[in-house]
Amino acid sequence: MPTMKSGPVWEGKTVYKATITVRLKESVLDPQGSAVQGSLHSLGYEEVRQVRIGKTMEVWLETADFQEASDRVDAMCRKLLANPVIEDYEFRLEKGA
Amino acid sequence: MPTMKSGPVWEGKTVYKATITVRLKESVLDPQGSAVQGSLHSLGYEEVRQVRIGKTMEVWLETADFQEASDRVDAMCRKLLANPVIEDYEFRLEKGA
Amino acid sequence: MRFAVPVFPGSNCDQDCAKAVREVLERPADLVWYTEDSLDNYDAIILPGGFSYGDYLRTGALARFSPVMEAVAEAAEKGKLVLGICNGFQVLLEAGLLPGAMRVNDHLQFRCSIQTLQVENNSLPFTACYKQGEIIRLPIAHGEGNYYCDDQTLQELEDRGQIAFRYHGENPNGSVAGIAGIVNRRGNVLGLMPHPERAIHDWMGSRDGARLFRSMLQYWEGMYGAA
Amino acid sequence: MQPEQKTDSVMQRASEKEPTPEMIRDQELFREVGLSLEEFKMITHYLGRLPNWTELGIYSVMWSEHCSYKNSKPLLKRFPVDGPRVVQGPGEGAGALDIGDGQAVVFKIESHNHPSAVEPFQGAATGVGGIIRDVFSMGARPVALLNSLRFGQLHHPRVRYLFEQAVAGIAHYGNVIGIPTVGGEVEFDASYDGNPLVNAMCVGVLPQEELQKGVARGKGNPVIYVGASTGRDGIHGATFASEELGEDAEEKRPSVQVGDPFMEKLLLEACMELVKKNILIGIQDMGAAGLTSSSTEMAAKGESGMELDLDQVPQRETGMTPYEIMLSESQERMLLVVEDGREGEVQQVLDKWGLQSAVVGRVTADGRYRIRHRGNIVADIPVNTLVDDAPVQYRSGVEPAYYRENADVQPEKSLSQVDPVDALKRVLASPNVASKEWVYRQYDHMVRTSTAVRPGSDAAVVVLDGLDKALAMSTDGNSRYVYLDPREGGAVAVAEAARNVVCSGAQPLGITDCLNFGSPEKLEVFWQLEQAVDGMSEACRRLETPVVGGNVSLYNESKGTIHPSPIVGMVGLVENRRHITTQSFKRDGDRLFLLGETKAELGGSELQSVIEGKVAGRPPRVDLEVEAKLHQGILAAIRKGWVSSAHDCSNGGVAVTLAESTFGEGLGAEVDVTSPWDPIVFLFSESQSRAVLSIPPQHGDAFRQLLEEMGVPCAEIGRVTGDRLTVRVNGQQVIDTPVQDLRSIWEGAIPCEMNRSSTN
Ligand SMILES: Nc1ncnc2c1ncn2[C@@H]1O[C@H](COP(=O)(O)OP(=O)(O)O)[C@@H](O)[C@H]1O
Ligand SMILES: [Mg+2]
């Protein structure tokens, strides 16, 4: 991992990896999804019924414990990583690089 | 990766949902990730060590069985949904809307 | 009347906006670096187009946390005129100074062209020099101008006359109700995707944008006299 | 220091994985990096010992065609490079021409063909990023971008994917950085099916005293690295660009770089500030061959040496070897040399823009290029052997058989029976002729609010702040003509570019060129290259447009050889904004004049291609004397204020010229001519040195008199009127069609093709 600081434990901190998924709310029309669906159809994938496109973000962070990591990631999502007007988010947290 | 074997098909088709994650290959520069990391730092999230941003796509499709769904999704990824030059993909397949 | 044009890393229409103010209104316009935290010396603010922070994550999402954005919010609060053009509009949405959010164009491509618009409300500080319902031509240049808001918000925008401009004829990005520009409830903050600063001389292909700036000046002079 | 001592101190291997110098020699590993045995021997001779792996890598990129022009150098010498306006000729990042008022225009074109074939979006985007750096590293503010593209046939889904993605990549980079993409050209032909061409051009402006150079001077001065950190991306890109696209092109994919236009915007603004502060001794971008070529070229130009410490180089991946650091082509990086002690001032500017930087070395006086890594010297090379003493290949070409065979082909005969209306519709629907709006509507062509003529007319025009002047610019090249007769085709490329600029109201000033050809090791290809360069040189001499810079892209081969494709990027000066002219008809009642002489020339024409599906015969010839007179005549009339519209005749001949002139405003025309030729030949011949001008009725007579006095054939052929295009030839009505019908065909052709799916 390019910019990451060395080992998993450092001054009592642990590296966690959060995998965040940000999706458009269901009520919001997804232009990218519709376009991709159109392309899939014209490529012969007519069995495709719907496509929705979202973002996945992997954030590595170094915190004291799991709870802190979880709180911080949640705050990042609320503040910056998702736009509550049109998006929902969820994340998964795991220990280690 | 899907492992379920397909059973005999007696009737119509089933809807499967594929959740595809497309990520930049590790060696490929992710300027977006770096910019977001910078912003997180300046927002006070200094514990963030690295950010990588990818796409998640949900594709609903109607096929005869699990195996067919899996093959078709894999082909879609190779042909259209992921760019094999700079991206890797993986997907999860589940039954039902 | 003194204009501030905040510059974020990645802004690229900042000079164009300042130039338009100088050429159309012959009023001073200063470029203000995004780290500034006061805009007290200015009467109006233009958030310029471009790709602040590379448009990474979401358009306008990273710029909204700049120190200068607090000053912009303060200025809006005080009733000063705030105009967000293109990326500036996107920043205003992310900052919550205008309702709604921006999505990628429905055809997924960047689109640059001169578009016809209809003036939906000419009683705003930004539109007084247009006729109600007038059809004007302004350039657009964006990949994410597909404005979204929920039905209730849309109803409110319609009811309160907050829709300033709508695309006329072709909708170039799929925006809800053909919206090209909206104001806040108070009417002193306008965000629009088209670029009025790119339409101030005939050689540019249109000069319909000039009157937007003139409207701002006229409004201000109406409030404070021709100083 | 004694040379012998130094040899001892150079580390033989930087990592266990690297081959030893002996292995390189014994197993001929130099071939893997594109060096021949002969070249390897030269290296050994220059070093006085065997090179290690890092040194070998450095030589291999510096001696690649891309950096050293080993195959094309002798030919490039034939170009005229001087002229009264030349401020900077070939040899720097970009050329510069005097435009008066103490200002210069700085411009250059460059290819990014191979990267775009592998990853079209990023390949094209980084091509744009690279050419922009070339221009602002000269100290110039970039004001416009253009491009020249070649793709295969759009009925292939893969070709559509390449086209769509390359255009999106070009758009992305230019749009984000905020430089308008104002022009360009696109051609489609089967010969590019597996090997598209993506050439990007950037035009900048600067006060002449601010012109920068890529030099390293002054012993002890710091060498500063600015911008993105170095990763493993793009390693060996320069070598990759100098090879054929073989079956293994896919495996070379790791060498794809990703562009970050946001970073480059910061770099651009920071460099502009540094230039204004006048603290730079030298500045050069890290383009092809990255740190290696920028640093060695700076040292060679400054007649200095350089010592670099790779541990100081910002890196975004761990465990990079010296070889990898030196050869990485990570984007958005610059190298600066400043006076010792002024690092702080530089730092301040870079900090403001949030750019990372590092002092990575010092200028030395001993002519050595020395690299340290983890305390060891890993390379120690005489600088000049990398740059000035790079080997040169002298070849002479062989005339290909197809050229002789084509002498007998007479397309004028076989095509004469085609129905003119049907032919016009098919030509307008050909993607070569059809509207390129699908492309340029994706480019922000208005940012900077200086674009007076947007894409869609003969040349783009960009006004200059605070001056009454403007710059006209165009990229041109007709690859079919060059294939049929490279000498004529080369000359036509220059003539057509100049004609486009002239029709916009500008005096042509000079060119930059990109020579896109197949493998020079094929002597027929070398012949094409040689002939094309001669044709271009001749035209540049006669039209007084020196070549101030350019780029060579050889080995464009995949399944076969591409059509030889020299591209000309022309810049012209509009003296007064009132002279700016566009191609669309403006007023009902204006009189129409056809300037120049129409001959029966359908070899390599669009008509031949759409009707017969072939490229055969001899292409149109260009008489440069006649061409020059035409330019003078058109400019004289424009300057008198007599010209409503001017549009040159190129692909598709007079028929297309007329049709395109009606599309802008939807104003039709009635044309009635007498011609010695069949209507189809008159309409679709692609004879050179012609243009159609519309003139307000009151100026018509004076216009004709002026042109005749100036020796330009000038026939009044009709007038602008109504909303139909009507053409009579020798009394026979051959076209009578609503403008709207023609326009929908022309506008719809490419979008319609592109609505079909594409796959990567
Ligand atoms: N086809 C050409 N015509 C004229 N000059 C050329 C041509 N190809 C290269 N040159 C000149 O040779 C010099 C070296 O070019 P190049 O290595 O491409 O520059 P860079 O280092 O910026 O990539 C440049 O000044 C360039 O203008
Ligand atoms: Mg032309």
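Every value quoted in this text rests on a predicted model; they were computed, and no experiment measured them. Throughout, a chain's letter reflects where its sequence line sits, starting with A, and its residues are numbered from 1.
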If you compare all heavy atoms of [X] against all heavy atoms of [Y], which two are closest, and at what distance to 0.1 Å?
X: Trp438(D); Y: Gln109(C); answer: CZ2-NE2, 3.4 Å
X: Lys352(D); Y: Trp33(C); answer: O-CZ2, 3.4 Å
X: Gly10(C); Y: Lys265(D); answer: CA-CG, 4.1 Å
X: Cys112(C); Y: Met446(D); answer: SG-CE, 3.6 Å
X: Asn12(C); Y: Val176(D); answer: ND2-O, 3.1 Å
X: Trp203(C); Y: Thr451(D); answer: CZ3-O, 3.8 Å

Next on the checklist: Need one label for Gln15(C): side chain, backbone, both or neither, based on atoms under 4.5 Å from any heavy atom in chain D.
Outcome noted: neither
Checklist entry - Is it the side chain or the backbone of Thr35(C) that comes within 4.5 Å of chain D heavy atoms, both, or neither? => result neither
Checklist entry - Are the side chain of Arg454(D) and the backbone N or O of Ser113(C) linked by a donor-acceptor pair below 3.5 Å? => result no
Checklist entry - Mind checking whether Phe262(D) and Tyr53(C) have parallel, tilted or perpendicular rings, split at 30° and 60°? => result tilted
Flag yes if more than 12 heavy atoms outside [X] fall under 6.0 Å of its [atom1] atom; otherwise flag no.
X: Arg207(C); atom1: CZ; answer: no
X: Gln740(D); atom1: CD; answer: yes
X: Glu26(C); atom1: CD; answer: no
X: Arg578(D); atom1: CZ; answer: no
X: Gln118(C); atom1: CD; answer: yes

Pick one of side chain, backbone, both or neither for [X], based on which atoms fall under 4.5 Å of a heavy atom in chain C.
X: Asp465(D); value: side chain
X: Ala452(D); value: both
X: Ile177(D); value: backbone
X: Val453(D); value: neither

So which residue, [options], ends up with the most heavy-atom pairs under 4.5 Å with chain C?
options: Gln442(D), Arg448(D), Arg577(D); value: Gln442(D)
options: Ile179(D), Asn175(D), Val167(D); value: Asn175(D)
options: Glu269(D), His172(D), His445(D); value: His445(D)

Next on the checklist: Apply side chain to side chain contact (heavy atoms under 4.5 Å, CB included) to residues Lys19(C) and Ser450(D) and explain how you reach the verdict.
Outcome noted: CA-CA 11 Å; Lys19(C) 214 160 64 176; Ser450(D) 301; 4.2 Å; yes
Checklist entry - Any Lys/Arg nitrogen of Asp444(D) or Arg111(C) sitting under 4.0 Å from an Asp/Glu carboxylate oxygen of the other? => result no
Item to check | Side-chain heavy-atom pair His195(C), Thr449(D) within 4.5 angstrom cut-off | outcome: no
